[in-house]
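Comments concern the structure below.
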2 protein chains.
Amino acid sequence: MQGLSAAKQEIEKGVLAKSMLTIVGDCSVDYLGRATSTLAMGKRLVLIKGDGSVSIHQNRLVRPTNYMVGTKISCELCNGGSNLVLRASKQRPKEDLTIIFSGIDDLKAYEMEIVNDLRLSGSERDLNEMLMQDLSMIEPGLKPVNQQQHFQKGVCDIIAEDREGNFVVIELKRRQADYAGVTQLHRYMHEVQKMKGRKTRGILLAPDIRKNAKNLLEQLGLEFAKLDFELTPSGEEKAKIKGLERKQSKITEHMHPQQG
Amino acid sequence: MQGLSAAKQEIEKGVLAKSMLTIVGDCSVDYLGRATSTLAMGKRLVLIKGDGSVSIHQNRLVRPTNYMVGTKISCELCNGGSNLVLRASKQRPKEDLTIIFSGIDDLKAYEMEIVNDLRLSGSERDLNEMLMQDLSMIEPGLKPVNQQQHFQKGVCDIIAEDREGNFVVIELKRRQADYAGVTQLHRYMHEVQKMKGRKTRGILLAPDIRKNAKNLLEQLGLEFAKLDFELTPSGEEKAKIKGLERKQSKITEHMHPQQG
DNA sequence: GCCTAGGTCCCGTTG
DNA sequence: CAACGGGGCCTAGGC
């Protein structure tokens, strides 16, 4: 347990120094911004970071119950010193977080660099690069044309050309594909078709696809290929593509399936 | 600074008691699971919660650099006691997080209930309920038929019937609508049409819509209505719908716009 | 600033 | 269990 007045000073000092602050104590929380929320008095951890991020953690889940990014933080004593009020606020959108402490069990400031060291492998970007090394895995004779091409309507993962000179638009997903992935691919396929004015195919490449999404995909005349990849234990290589199996989805000619 | 051997015992005790644990110290981190990642030695905050959630925070951003939910945690001394290794692991999917401490600055265990107190207003669900009170806001004579109806293909926010006996499918978004919202609505509209075998309209209800998404929406013969709502400062009411403006999108007859 | 999409998305809910 | 979609999504990258 700790005096709220001393706490106030320590918080102000820590915020100024861009330290990481951990505050554990009894508090209530109000948020008003993109939604509104209240949290009745109770014991929680408040985490303040050097970049102005604030998050309030209960003793469950990874995600904080309340949070804000890029805030300005202020701090004042209220009710004759029996409460410490912490405010985090932000413009655009206008958001305010108010934390009222009735007591603080613990307060610490840690000097910590504001860096991002994480080296992650196996992201979609990594798989994309792997695939570009050898598109023939997907289909013999497939040649790269472009990758990460920006349209007005989004970013197309891979554009290739097949043996018969058709353009092939490939949308890659690192996990089970859903509706959104299918409609994305559909959009890009049409975009390429319109730009290039040539017959264009669309292939969704993912480890799996939800059943309904598969149905939609087939209705739209798109193709699915199962992507089997393996994560390399650490830093060495990005990932390894183990295999690529065509589920031989019948390429039903596209016939205005959404007609009403 | 604190002895690693004592730390080990305190962690084990805290995990058993389902306390919230905060550990600040120098550590390296390896994750192997849905992706792989490594974090070189550096000072971080490790947060362990009573439900087995683990997260590792750097001094920036709301989101942890590494995290896992619902883990089993173990703890051992290595290298003749000069390292403390914390392992969090999980099956289905198989995931492993390894945190190697070379030194611990601070370690605390806090007794804290494992509860979720948060009362949030202004979610899509709240707006949905508000709207159902009076669908005539959207359009005179609109009568409710169903809400949150589950199809095999998803959940339809609101189904109503207009003055002319057409079904009206309404998709509600609490923020600016995008492509995904439009295609969602399109899917549900077709689903209802197929089920009921009657002319069906689709209305996307949102505070705003992205330009490209608006184009797609109009191509698909769907309608947009601007939803203006206000958040009530706190607990009292959920939210207040201030107004609802029809952008008079010409209901172009649907004509196979995605045809190639 | 806006738009677009990825994420080890997380998370709750329903069938 | 799988599927589906919301989220105060967060966050990064382009334009």
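We name chains A, B, ... by the order of the sequence lines, and we start the count at 1 in each one. Hydrogens, waters and symmetry mates are skipped; everything else that's a heavy atom, side chains included, is used.
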Expressed in angstrom and rounded to an integer, what is the separation of [X] atom [atom1] from [N] atom [atom2]?
X	N	atom1	atom2	answer
B/Asp178	C/dG6	CG	C1'	14 Å
B/Leu120	D/dG7	CG	P	9 Å
A/Asn212	C/dG15	CG	P	15 Å
A/Leu185	C/dG6	CG	C1'	16 Å
A/Gln176	D/dC4	CD	C1'	10 Å
B/Gln148	C/dG15	CD	P	11 Å
A/Gln152	C/dC3	CD	P	11 Å
B/Gln149	D/dG5	CD	P	14 Å

Relative to the 5' end of DNA chain C, which residue comes earlier, A/Arg63 or A/Phe151, by the nucleotide with the nearest heavy atom? A/Phe151
By nearest atom, which of the nucleotides [options] is closest to the [X] side chain?
X	options	answer
B/Tyr67	C/dT8, D/dG8, D/dA12	C/dT8
B/His150	D/dA12, C/dT8, C/dG15	C/dG15
A/Ser123	C/dA5, C/dG7, C/dG6	C/dG7
B/Glu95	D/dG5, C/dT8, D/dG8	C/dT8
A/Arg60	D/dA3, C/dG12, D/dC10	C/dG12

Does any part of the side chain of [Y], heavy atoms only, come nearer than 4.5 Å to the side chain of [X], both counted from C-beta?
X	Y	value
A/Ile158	A/Asn128	yes
B/Val168	B/Ile138	no
A/Leu127	A/Arg174	yes
B/Thr22	A/Thr22	no

In whole angstrom, give me the gap between the [atom1] atoms of [N] and [M].
N	M	atom1	answer
D/dG8	C/dT4	P	23 Å
C/dG7	D/dG7	P	22 Å
C/dT8	D/dG5	P	22 Å

Evaluation steps, side chain to side chain donor-acceptor pair (under 3.5 Å), between A/Asp157 and A/Gln147: CA-CA 5 Å; A/Asp157 284 345; A/Gln147 66 175 311; over 6 Å; no
Side chain B/Glu124 and base D/dG5 donor-acceptor under 3.5 Å: no
Is B/Tyr179 stacked against the base of C/dT4, taking the criterion as centroid distance under 5.5 angstrom and interplanar angle under 30°? no
Complementary nucleotide of D/dG8, counting Watson-Crick and G-U pairs under 3.5 Å: none
